[in-house]
Asker: 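Sharing a structure, written as structure tokens. Questions coming.
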Protein chains: 2
Amino acid sequence: MSPASIEKQKAILKAALELFAEQGFHAAPMAQLATQAHVGVGSIYRYFKDKNELIEALYEEVDEALQIAIIAGADPTLSTRQQFLHLITNLIYFLKDHPHEFKFLEQYYHSPFGIDKKREKLLLDNATGRQSPFIKIFLDSSGKEIKFLPLQVLHALAFGPILFLIRDTLAGLVEMDDTVIAQVADGCWDAIKNRAD
Amino acid sequence: MSPASIEKQKAILKAALELFAEQGFHAAPMAQLATQAHVGVGSIYRYFKDKNELIEALYEEVDEALQIAIIAGADPTLSTRQQFLHLITNLIYFLKDHPHEFKFLEQYYHSPFGIDKKREKLLLDNATGRQSPFIKIFLDSSGKEIKFLPLQVLHALAFGPILFLIRDTLAGLVEMDDTVIAQVADGCWDAIKNRAD
DNA sequence: CTGTCCGGAATGAACGTTCCGTCCAAGCTA
DNA sequence: TAGCTTGGACGGAACGTTCATTCCGGACAG
């Protein structure tokens, strides 16, 4: 694949991310996508078999960027609490600062393929050693610093508030400054930490 | 409006709830809706101006049922903690036991009209006395039994985990028994309660 | 000149909405 | 009461639009 082709593919993915995030999968016609990417409609189908495959490819790209952002600056020598706060703060800032990525991921996970992807990820994490950094913390500390609860419940308590708040932020219902972010991260920790501590 | 007509309208709303929840707004054609409601396509347009108005009407119906379910058995003499746990447990059971309603509401609030409705509700609550029972608790106790935080943040900490978990439950990723429900409700309280208590 | 890549017009399917012929029940007439 | 009229409710065929996908003529590099 020539360098020009790679540029073209990137342009398509970039335009797709913007359009999908702003208008939704359904309401983002391939024609408009082509225009925004400065490409002919037909060319999109050179790089992606159909619209679904474009969505899948975009998901892989966005998810990788997210995973990298989450673990940035992680330090395993810190306390469980501090590690958790660090990861979750990374997560919040990434999602808040990348609204297109956030909206895209939300849509993706709410769509039929998203459910399957989620299930697949859980199984993969259980089967292989390559666990998400959050799962690692949860499994290591559940019953100690963290409450002894099913993994899914810990997930819900940790991520639920964040997604909720970022949704409202992007809808213009809340302002999320550094103070609020710290408060939410704190609240998430309070929800999962053992009371004894 | 004749009794037969009222029955017909109910049948349309019922079919709409099921189809919208299972397939989404976009993927639920009016023709299929008509079939499922045992009604001609044209008849739907006697009762609702267009698809959007049908969605709005359905929202009003579902939201009312939800509000009623939440406040069932409320007792203002209980402690703030107990009142909160009662309300939130009501909420969890309703959403878990009414998956169609849950999926419909999720879609609605993620759609363009949903955002406006949310904003409208917030303003209404601020302007008039008719506040949601949760808002009442939050405002009464913020800074006392409950952390002094922006209303939106309290909302996020209280509702975020629940929505997250019910989504996963309906996707078949978790089993939500009475124990789990109590654990989540507890976690939500820990997230918003003042540490001093 | 030839093969490859590209763009956008053309295609066909699916959808929301409209329109019109049919049907039924209630009211009127004799 | 029996027959006739009529207005509105009803269903579904038909319409127009929108979209994903395909296809083909041309441009450009080798």
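Order of the sequence lines sets the chain letters (A, B, ...), proteins ahead of strands, with each chain counted from 1. Keep in mind that the numbers below use all heavy atoms, side chains included, and drop hydrogens, waters and symmetry copies.
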Asker: Side chain of B/Q83, backbone of B/L78: donor and acceptor closer than 3.5 Å?
Answerer: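 Yes: the side chain of B/Q83 pairs with the backbone of B/L78.
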Asker: For A/F20, does its backbone N or O pair with a side-chain atom of A/Q107 as donor and acceptor, under 3.5 Å?
Answerer: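 Confirmed, A/Q107 side chain pairs with A/F20 backbone.
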Asker: Does B/K8 have a side-chain nitrogen or oxygen under 4.0 Å from the phosphate oxygens OP1 or OP2 of D/dC10?
Answerer: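 Affirmative; the distance criterion is met.
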Asker: Write down the distance between NE2 (A/H38) and P (C/dG8), rounded to a whole number of angstrom.
Answerer: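 One finds 12 Å between P of C/dG8 and NE2 of A/H38, rounded.
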Asker: In whole angstrom, give the distance that lies between atom CD of B/Q9 and atom P of D/dC10.
Answerer: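 Spelled out: CD on B/Q9 to P on D/dC10 is 11 Å.
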Asker: Check whether any side-chain N or O of B/Y47 sits under 4.0 Å from OP1 or OP2 of D/dC10, and answer yes or no.
Answerer: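 Yes.
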Asker: For B/S43 and D/dG11, is the shortest distance between a side-chain N/O and OP1 or OP2 below 4.0 Å?
Answerer: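 For D/dG11, OP1 or OP2 has a side-chain N or O of B/S43 closer than 4.0 Å.
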Asker: Would you list the protein and nucleotides 12-20 of chain C atom pairs, both N or O, that sit under 3.5 Å from each other?
Answerer:
| residue | atom | partner | partner atom | Å |
| --- | --- | --- | --- | --- |
| C/dG16 | OP1 | B/K51 | NZ | 2.4 |
| C/dG16 | OP2 | B/M30 | N | 2.8 |
| C/dT17 | OP2 | B/Y45 | OH | 2.7 |
| C/dT17 | OP2 | B/K51 | N | 3.1 |

Asker: In whole angstroms, how far is the P atom of D/dT18 from the CD atom of A/Q32?
Answerer: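 From A/Q32 CD to D/dT18 P: 13 Å.
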Asker: Does a side-chain N-to-carboxylate-O contact under 4.0 Å join B/K14 and B/E7?
Answerer: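 The answer is no: the pair does not qualify as a salt bridge.
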Asker: Can you tell me how far P of D/dA20 sits from CD1 of A/I44, to the nearest Å?
Answerer: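 A/I44 atom CD1 is separated from D/dA20 atom P by 9 Å.
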Asker: How are the rings of B/F138 and B/F159 set relative to one another: parallel (under 30°), tilted (30 to 60°) or perpendicular (over 60°)?
Answerer: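 Rings of B/F138 and B/F159: tilted, as their planes differ by 30° to 60°.
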Asker: Is the NZ or CZ atom of B/K118 positioned over A/F164's six-membered ring, under 6.0 angstrom from the centre and within 45° of the axis?
Answerer: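 Cation-pi check for B/K118 and A/F164: passes.
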Asker: Would you call B/D190 and A/K193 a salt bridge, using N to O less than 4.0 angstrom?
Answerer: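 A/K193 and B/D190: not salt-bridged.
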